[in-house]
Amino acid sequence: MKRIPEKTIISLVNSCTCKSHLLQVHSHLLRTSHFYNPTIFLSFLSRFALPPLRDLSYSGRIFSCFPEPNVSLYNNMIRAHSLSRGSARSGVQLYQELLRSGISSNALSETVAKDGHQSDCFLLTALMDFYSCLEKGGEACKVFDEMSHRNVVAWNVLISCHTRNQRTLVALTLFDMMRNSNGCQPDDVTCLLVLKACANLNALEFGQKVHRYIVEQGLHNVKSVSNSLITMYSRCGCVEEAYDVFKKMLERDVITWTAMISGLASNGYGLDAIEAFKEMQREGIWPGEQTFTGLLSACSHSGLVKEGRMFFNTMSRDFGVVPNIHHYGCMVDLLGRAGLLDEAFDLITSMRIKPDAAMWRTLLGACRIHQHNALGEQVIERLVELKAQEAGDYILLLNIYSSAGHVEKVMEVRKMMKEKGIRTTQASSTIELKGQVHQFFADDISHPRKKEIYEMLAEINQQLRIAGYVAEITSEVHNVQGKSDAYALSYHSEKLAIAFGVLSTPPGTTIRVAKDLRICLDCHNFCKVLSAVYNRKVIIRDRNRFHHFQEGRCSCSDYW
DNA sequence: GTAGGGTTAG
């Protein structure tokens, strides 16, 4: 067979527009050993990685067929991938190849420098994102520090790297740094990244600052920025502000509506969420999978069993959205809270999807509300089978036994936890004052104003007792290794944060507290009575659920 | 061309 010249093959490869043609050329090359020519090989890689094919997994696979890839080839592979969207994600596979071949990931930076690409901004940002995906934030920072020219995308990649790797506070700092620098200023993408960080941190004041910047820069007409604002305000418990942004938008898409519906849902405005869903259809916007997650969670948060059932049963028929694990989870939550535990259990066992740990945990929470010991034990067994049981699950089981008065069973679980070496995580509550975040743990004595805080808490307790508040200490167990529960109960982290809030804000100011675990029944009652006695709105966010306390009432249909 | 908005149940 006549050997085809290299040039011809490359132009042939470049003219291929579909995968099957490329594969034909590929098999011909393998037969003639042409494939192992690095230049031809690279043209192949690029062809697969770039539009219109953009098949990164395939280019990864043919790359791993190459018998002796050298560092330069790896570098070019990253480059080929960097020229396509989602490059860094497939870069993870590439990284594993690198490790197997004995080249360290840091060598990539060196390679890029050696090959004279250090001024290539696109390649370096792709490299940063690549490190970020590998959770190697330090390496990403290093690349950023050594970049001679940083454009706004490089900053955004850095910010996204920190938010992705649980360093949300750093993301906020970077926003300030960018604004104070002489170089590029935050753009729409920077704003939505930072707003997401604010939403996670419950950092309302910082979020408001970003909002002001958005208006100053005229970015408020960018749809994605407005969508992020809606989420930020909702996640900080400010539905009115979220609705305000929503109302002012000139054009709303499915994401806008979903953000608004979910915001209303998590803040306890179930009926408004359903109303918004109907309005959305009147405006001719077609709902998506996530719209239904928001809608069903609205029903579960507000105890709307009939409505939830109706949406769940018709979503697939009327809107073509097949229920996924989140939808089923919302239904289990909805039925469980309503006390329909058997129905919830049947729903889980009848699903075509395999239930995950979170699903069983939802049911376990319902067993705890309705004190259903037998089912609770069964659910724990399922979690053990999944090897997914966590401290929080045993605490729930403890509370199920404890409120049913099964002292022996409580001791049994405690013993089991000790034997298995299960450690509980310490809960904390945060409160933002003048842009500064204060964190409290249970029985915390580390705050500089601890004396005033404890005195204020004692005074609050006294006032609330007069109003009829009785500390509930029998049914709630929170910390197995801790001191006596009665002691720990009166100094829960949220109570300390609230006392600090009452102490340091003028009368009538809303108190906003974020808690990382769930609020207990006693603290819930405490907040209810406090909102009436002190005439203050109290908003507690525990995980993703909001509790709005006002005039002695809470927005939730049940206590959590 | 590289970054990027809605869900994730307790």
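Convention: sequence-line order gives letters A, B, ...; per-chain numbering from 1.
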Task: Proximity to the side chain of A:Thr291 - top-ranked nucleotide from B:dG6, B:dG4, B:dA9 - done: B:dG6
Open item on the list: If you only use heavy atoms from C-beta on, which nucleotide in B:dG5, B:dG6, B:dA3 is closest to the side chain of A:Val157?
Closed with: B:dA3
Open item on the list: Does A:Leu296 reach a base, just sugar-phosphate, or nothing at all? Heavy atoms under 4.0 Å.
Closed with: nothing
TODO: Could you check how far CD1 of A:Ile261 sits from C1' of B:dG5, rounded to whole Å?
DONE: 16 Å
Open item on the list: So A:Asp253, base contact, sugar-phosphate only, or nothing? Heavy-atom distance under 4.0 Å.
Closed with: base
Open item on the list: Starting the side chain at C-beta, find the nucleotide from B:dT7, B:dG5, B:dA3 nearest to A:Thr293.
Closed with: B:dT7
Open item on the list: Looking only at the side chain of A:Val189 (C-beta and beyond, no hydrogens), which of the listed nucleotides B:dT7, B:dA3, B:dA9 gets closest?
Closed with: B:dA3
- [ ] Go through B:dG4, B:dA9, B:dT7 for me and flag the one nearest to the A:Leu193 side chain.
- [x] B:dG4
Task: Length of the CD1-P vector between A:Ile353 and B:dT7, whole Å - done: 20 Å
TODO: Using atom CG of A:Leu219 as one end and atom P of B:dA3 as the other, report the distance to the nearest whole Å.
DONE: 20 Å
Task: Interatomic distance, A:Leu229 CG vs B:dG5 P [rounded to whole Å] - done: 14 Å
Open item on the list: Distance check needed: B:dG6 C1' versus A:Asn200 CG, whole Å only.
Closed with: 14 Å
- [ ] Keeping to residues at least two apart or across chains, list the salt bridge (Lys or Arg N to Asp or Glu O under 4.0 Å) pairs with something in residues 290-314 of chain A.
- [x] A:Arg309-A:Glu343
TODO: Looking only at side-chain atoms of A:Thr231, point me to the closest of B:dT7, B:dG4, B:dA9.
DONE: B:dT7
TODO: May I ask you to say what A:Val222 touches in the nucleic acid, namely base, sugar-phosphate or nothing, with a heavy-atom cut-off under 4.0 Å?
DONE: nothing
Task: Which nucleotide in B:dA3, B:dG4, B:dT2 has an atom nearest any side-chain atom of A:Asp188 - done: B:dG4
Open item on the list: Could you check whether any side-chain heavy atom of A:Val513 comes within less than 4.5 Å of a side-chain heavy atom of A:Thr430, counting everything from C-beta outward?
Closed with: no
Task: Identified side-chain contact (heavy atoms from CB on, under 4.5 Å) partner of A:Ile230 from the options A:Thr256, A:Asp244, A:Leu195, A:Ile255 - done: A:Thr256
Task: Side chain of A:Gln290 (C-beta onward), nearest among B:dT7, B:dT2, B:dA9 - done: B:dT7
Open item on the list: Using a distance-only criterion (donor-acceptor N/O pair, under 3.5 Å, no hydrogens), is the base of B:dA9 paired with the side chain of A:Asp333?
Closed with: no
- [ ] Look at A:Lys196 and B:dG4 and indicate whether a side-chain polar atom (N or O) is within less than 4.0 Å of OP1 or OP2.
- [x] no
- [ ] Sequence neighbours left out, what pairs pass salt bridge (Lys or Arg N to Asp or Glu O under 4.0 Å) with at least one residue falling in residues 269-295 of chain A?
- [x] A:Arg252-A:Glu283, A:Glu275-A:Arg282, A:Glu279-A:Arg282
Task: Length of the CZ-C1' vector between A:Arg235 and B:dT8, whole Å - done: 10 Å
Task: Salt bridge flag under 4.0 Å for residues A:Arg164 and A:Asp129 - done: yes
Task: Presence of A:Arg164 side-chain N/O under 4.0 Å of B:dG4 phosphate oxygens OP1/OP2 - done: yes
- [ ] Starting at atom CG of A:Leu304, determine the distance to atom P of B:dA9, rounded to an integer number of angstrom.
- [x] 19 Å
TODO: Taking only Lys NZ, Arg NE, NH1 and NH2, and the carboxylate oxygens of Asp or Glu, determine whether A:Arg382 and A:Asp356 approach each other closer than 4.0 Å.
DONE: no
